Amino acid sequence: MPNANANIKKCAAIIAKTTPGFKPKIGIILGSGLGAISDQIENASTIDYKDLPGFYVSTLAGHSKRMHLGMLKDVPVVCLEGRTHFYEGAEATASLKTIIRTLKIIGCEILLTTNAVGSLRVEHGPGSLMAIEDHINFTSQNPLIGPNDDEFGERFVSMDNAYDSDLRQKLLSIAQKINIPLNTGVFVATSGPTFETHAEIRMYKMLGGHAVGASTVPETIIARHCGLKVASVCAVTNLGAGLSKEILSHEGTLRGAKLATDNLVKLFLAFIEEITKK
Ligand code: HPA
């Protein structure tokens, strides 16, 4: 996408025109069926992705395609309903750079993401939450392949502390305080769009994975490249293929996401309130 930077500047200008003087601190990306957090934003201004140049309009059910800007617990946030995945193709991946870098230039310091995942631990089933400690990128893709965009970050990016340990500790202590079970673990990213085979699930477990899904990792990589801190919480929608009798489907993912939504919303609200306290 040769004019990606031009798009980022255009998006920033559109956002500034829609919400003059508004400077979000936290960017939030919502996974499949996890849009409920955006309902909590006070006095939200909403912009459709189709009005933001370079924002890819995902056609996936359960993913709306809107940006909401407003206050959550007195903290200025921008919330993205609708993300893109590697399996949607090169245009979608390029769009992810536009999306994350737009968040950066409008002022965000933190990227908070959610996703729907299959759990690799039978004891942590549908409805449970997992803060990502680290990831294994099993997609054989990387959104930073191609010419480096020096305006946003360096060519070679450290993935140390990719999921910010201070933010994760805060998530854990807040979860404990408000009595919401929160596990931690390693997220394995696949390219999708297929669900995994039973053998793949056994392999991911052997490799040290705790949950599997087809999103999040590209966002984390792009965010770290441009210096955003990242925290990510997975909503377990099912056990990994073969760990239960369920035949996996996107409808099942959306059903499973509903089980996690209430706790996820409570956790994020409490977390957002806490992290901006001085
Ligand atoms: N695998 C991959 N992606 C997913 C899953 C899964 O089991 N559940 C929700 N998203």
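Being a predicted model, the structure only gives us computed values, none of them experimental. Only this structure's heavy atoms are used, side chains among them; waters, hydrogens and symmetry mates stay out.
The number of heavy atoms from other shown groups lying within 6.0 Å of CG (Asn43) does not exceed 12.
Listed by chain and number, the residues in a ring-ring contact (aromatic ring centres under 6.0 Å, His included) with Phe86 amount to none (sequence neighbours excluded).
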Stepwise salt bridge (Lys or Arg N to Asp or Glu O under 4.0 Å) test for Arg155 and Asp150
CA-CA 7 Å; Arg155 167 81 290 186; Asp150 298 330; over 6 Å; no
Please test Glu219 against Lys97 for salt bridge (Lys or Arg N to Asp or Glu O under 4.0 Å), starting from the C-alpha separation and ending with a verdict.
CA-CA 8 Å; Glu219 286 96 323; Lys97 286 193 222 167; over 6 Å; no
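Cluster membership for Leu207 and Val122, using ILVMFWY side-chain heavy atoms within less than 4.5 angstrom, is shared. Using a 4.5 Å cut-off between side-chain heavy atoms of Ile, Leu, Val, Met, Phe, Trp and Tyr, with links allowed through other members, Val157 and Ile136 fall into different hydrophobic clusters. Hydrophobic clustering (ILVMFWY, side-chain heavy atoms < 4.5 Å, transitive): Phe138 and Leu96 are in distinct clusters.
Within the 4.5 Å cutoff, no side-chain heavy atoms of Val188 are placed close to those of His210. A heavy-atom distance below 4.5 Å is found between the side chains of Leu30 and Ser38. Between Glu196 and Val212, some side-chain heavy-atom pair lies under the 4.5 Å cut-off. Cys108 is listed as a side-chain neighbour of Leu228, based on a closest heavy-atom distance under 4.5 Å. Between Val217 and Thr139 there is no side-chain heavy-atom pair separated by less than 4.5 Å.
Inspection of the Ser119 and His124 side chains reveals no N or O donor paired with an N or O acceptor under 3.5 Å. Asn7 and Thr98 form no side-chain donor-acceptor contact under 3.5 Å, judged by distance and modelled atom types alone.
Two rings, from His135 and Tyr163, have their centers less than 6.0 Å apart.
Between Arg101 and Asp149 there is a salt bridge, since at least one side-chain N of the basic residue sits less than 4.0 Å from a carboxylate O of the acidic one.
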